[in-house]
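Structure record follows, encoded as structure tokens.
So that the names make sense, note that chain A is the first sequence line, chain B the second, and so on, each numbered from 1. All values below come from the heavy atoms of this structure, side chains included, with hydrogens, waters and symmetry mates left out.
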There are 2 protein chains.
Amino acid sequence: MSANLRKQPQGLASAAEVARLAGVSRSAVSRTFTDGASVSAKTREKVLAAAKELNYHVNHLARGISKAESRPVCLLASNMTKPYHGLLLDAITRELQAAGRMAMVINVTADPESAQAALEQALSYRASASVVMSGTPPEAMVSTCIDAGQRVILINRSGGHADADHIRIDYQAAMDDAVFMLKRAGCERLALAGSAKGTPSLMERERLFLEAAAKQGYAPRTFKAPNSNYDDGAQAARALLAGRDRPDGVFCLTDLMACGLIDSARLDFGLKVPTDLNVIGFDNIPQAAWAGYGLTTFAQPYEEIARTVVRIVADETPAQVHSLPTAAQWRQSVLFGPAD
Amino acid sequence: MSANLRKQPQGLASAAEVARLAGVSRSAVSRTFTDGASVSAKTREKVLAAAKELNYHVNHLARGISKAESRPVCLLASNMTKPYHGLLLDAITRELQAAGRMAMVINVTADPESAQAALEQALSYRASASVVMSGTPPEAMVSTCIDAGQRVILINRSGGHADADHIRIDYQAAMDDAVFMLKRAGCERLALAGSAKGTPSLMERERLFLEAAAKQGYAPRTFKAPNSNYDDGAQAARALLAGRDRPDGVFCLTDLMACGLIDSARLDFGLKVPTDLNVIGFDNIPQAAWAGYGLTTFAQPYEEIARTVVRIVADETPAQVHSLPTAAQWRQSVLFGPAD
DNA sequence: CTGAAAGCGCTTACAG
DNA sequence: CTGAAAGCGCTTACAG
């Protein structure tokens with residue numbers, strides 16, 4: 001009674017109340033809700049009945065204090081507004097949830113220090129893992145998290161942290177494919193719509209495309225836009241498509257850029273895709289499938305990334321690099337379909 | 001020492017250790033990290049120094065057991081992949097974070113029972129509030145949450161729950177505007193690209209547009225697509241633009257539909273927007289600003305919604321309906337600009 | 001302003 | 001299989 005007076009007005013039953021009603025010990029109700037604990041069918045029955053009657057829910061906050069598995073996983077995300085990030089966030093929250101894990105999301109803004117602040121938050125909530133989808137946390141911060149017993153999972157981030165898990169995509173095959181597709185479409189002058197943003201995955205795609213092109217005897221004209229969004233693609237179009245010796249095949253670092261480039265090619269230059277210009281993108285965002293674009297692109301393995309995250313969070317395996325493949329998605333922005 | 005053996009290997013310091021190092025009581029360190037608690041500058045100093053040395057972070061999980069304000073807020077989201085949902089999720093997580101609150105996200109899939117399961121999860125984590133962005137939780141579930149001392153905030157959901165806070169958008173003015181814009185552009189035959197999905201906000205826009213049109217003497221042809229995405233817009237185009245008496249102005253329930261309709265109008269019917277066809281959308285998603293669309297639309301008040309959410313979470317005010325306005329966003333898909 | 005003590009809601013050796 | 005007890009890491013009246 002007097003204990004009740006101290007409580008905030010929040011009517012959720014506690015394990016103690018359930019125990020009282022069921023006529024068993026506190027430990028018994030705790031065990032009933034712990035997978036694999038030893039309770040007799042009869043006790044379990046009584047507890048379950050009482051729990052149902054009192055509308056009891058294990059307090060995960062309290063459980064998390066002593067039980068690592070019921071601690072949340074922190075997702076450091078930004079740009080949720082952009083299709084690629086939305087797709088990734090959707091897949092990861094879905095898989096985490098299916099595995100019974102709770103996801104806390106931290107919105108990492110452009111601010112360079114916010115990745116650090118975000119990881120500190122994750123520490124405060126004793127997250128069992130932090131998934132870095134955006135930003136580049138300082139090395140020292142990653143160490144702090146790992147020392148605190150947390151796993152740190154970097155998705156498409158640069159490879160500096162030895163103790164963190166890295167999920168990276170294997171872009172080599174995709175970039176070879178891209179050049180092959182353009183060659184088979186009869187392209188003679190290639191171009192690359194690149195970015196000066198400096199994200200590791202962007203830089204890697206850029207480098208590998210250029211290498212693959214060189215191997216096939218191409219010397220692509222390159223334009224580096226400031227970022228990798230729609231406007232950057234349009235900007236690339238205006239830089240690459242003006243003047244003589246217009247390219248007839250261009251690889252865009254992202255689908256968003258490809259959409260901007262295609263629109264500009266059509267509206268500013270009166271070009272038809274793919275007859276005048278072959279275009280390939282990257283990410284396979286929903287817009288790539290829109291009739292206005294019909295973009296041939298490469299799909300990020302969103303589901304596989306999500307499943308890998310869950311696996312890392314659940315396992316005790318030492319930190320390592322996880323490489324995942326992409327898959328080509330043919331549409332109409334490149335002449336001719338896939339080879340048989 | 002023996003206590004340490006029981007701990008899982010997680011090196012984060014506790015308040016007790018900080019107290020020991022600083023030579024003060026446990027209460028003192030607790031107070032140092034509680035806003036507005038009474039600690040002398042000297043004690044605070046000592047505690048802060050010790051905390052820094054041990055890399056101490058208040059355990060929010062534990063704090064949440066006794067302190068309601070540091071409990072997480074649950075976000076029930078789905079379709080994060082769609083621009084509108086991404087925009088909303090981004091704004092809400094950003095504002096919540098700025099207010100020092102943690103956001104847990106629950107991915108509500110299409111499954112009708114998952115909204116209920118999601119709210120039960122929120123209960124387990126003792127969320128101080130649940131924000132329902134998708135799905136329609138059963139009345140009984142909402143009551144359970146509220147009885148548990150949790151606030152339930154429904155965004156653009158139907159108005160059945162008396163004890164929940166409702167954030168709704170005032171579509172009346174927008175729909176009057178939409179008809180006015182089309183009339184001023186000289187439209188003679190209006191159409192509505194509607195949806196059979198049955199979401200409250202969709203249904204309300206539909207009804208209000210039709211009413212506004214009737215007031216101006218229009219009798220819009222209506223097509224109800226199954227959902228409210230890109231493909232649904234394309235489907236609407238094929239239904240509305242074929243045959244004689246083609247409409248010259250159409251309102252699409254969502255920007256996504258408008259994009260699909262514009263693409264189909266151009267590619268399937270060879271129509272030019274806005275000279276052959278005036279188009280208005282709703283939501284003001286990033287794609288609406290793309291050069292290929294240049295869509296005139298209405299902006300959901302994403303930021304205002306987010307701020308309202310944090311205000312509700314922080315306050316003790318009784319549940320109520322919060323009405324927010326939209327703002328017209330002129331672009332090129334309707335003839336003539338805004339009135340002065 | 002401060003500390004000792006009781007409390008929150010859970011888990012988990014320990015002894016039977 | 002079961003319960004009493006000690007523990008997790010925090011907060012907050014209470015008395016000084």
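- Each of B/A62 and B/V24 lies near DNA chain C, and the nucleotide nearest B/V24 is the one positioned closer to the 5' end.
- Atom pair B/E45:CD and C/dC1:P shows a separation of 15 Å (rounding to whole Å applied).
- Using a 4.0 Å cut-off between a side-chain N of Lys or Arg and a carboxylate O of Asp or Glu, A/R20 and A/E17 do not qualify as a salt bridge.
- Looking at the side chain of A/S27, the nearest of the listed nucleotides C/dT2, D/dG3, C/dC10 is D/dG3.
- Within 6.0 Å of atom CD in B/E303, more than 12 heavy atoms from other residues, nucleotides or ligands are found, so the atom counts as buried in its surroundings.
- Taking atom CZ of B/R71 as the reference point, atom C1' of D/dT11 lies 12 Å away to the nearest angstrom.
- For C/dT12, the OP1/OP2 oxygens have no side-chain nitrogen or oxygen of A/S30 closer than 4.0 Å.
- B/T32 and B/R44 form no side-chain donor-acceptor contact under 3.5 Å, judged by distance and modelled atom types alone.
- OP1 and OP2 of C/dC10 both lie 4.0 Å or more from every side-chain N or O belonging to B/Y125.
- Checked against D/dC1, C/dT2, D/dC10, the side chain of A/T43 finds its nearest nucleotide in D/dC1.
- Remark: the backbone N or O of B/S14 is not paired with any side-chain donor or acceptor of B/N59 at under 3.5 angstrom.
- Under the 3.5 Å distance criterion, the side-chain polar atoms of A/N107 are matched with a main-chain donor or acceptor of B/D90.
- If you check C/dC10, D/dC10, D/dA4 against the side chain of A/R26, the one that comes closest is C/dC10.
- Considering only side-chain N and O atoms, B/S40 lies under 4.0 angstrom from the phosphate OP1 or OP2 of C/dT2.
- Atoms CG (B/L61) and C1' (D/dT11) sit 15 Å apart, rounded to a whole Å.
- Side-chain atoms of B/R31 and base atoms of C/dG3 include a donor and an acceptor less than 3.5 Å apart.
- Going from atom NZ of B/K46 over to atom C1' of C/dT2 covers 11 Å, rounded to whole Å.
- Comparing atom distances between the A/K67 side chain and each of C/dT12, C/dC1, C/dA4 picks out C/dT12 as nearest.
- Residue A/I65 contributes atom CD1, which lies 10 Å from atom P of C/dC10 at whole-angstrom precision.
- Here the closest non-hydrogen pair linking B/D315 and B/R151 is O-NH1, 3.0 Å.
- Relative ring orientation between B/H166 and B/H161 is described as parallel, the plane-to-plane angle staying below 30° on a 0-90° scale split at 30° and 60°.
- Residue contacts for A/F33: at a heavy-atom cut-off of 4.0 Å it reaches no nucleic acid atom on any strand shown.
- Rounded to whole angstrom, the span from the OH atom of A/Y56 across to the C1' atom of C/dG9 amounts to 8 Å.
- Screening B/V309, B/L89, B/V132, B/V108 against B/L75 for a side-chain contact (heavy atoms from CB on, under 4.5 Å) leaves a single residue, B/L89.
- Rounded to whole angstrom, the span from the NE2 atom of B/H60 across to the C1' atom of D/dC10 amounts to 11 Å.
- Looking at which nucleotide of DNA chain C each of B/R44 and A/A16 is closest to, the 5′-most match is held by B/R44.
- Taking atom CG on B/L123 and atom P on C/dC10, their separation rounds to 12 Å, with Å as the unit.
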Worksheet item: Pairing of DNA chain C as dot-bracket, 5' to 3': ( ) intra-strand, [ ] crossing, | other strand, . unpaired, with Watson-Crick or G-U pairs under 3.5 Å?
Response: |||.||||||||.|||
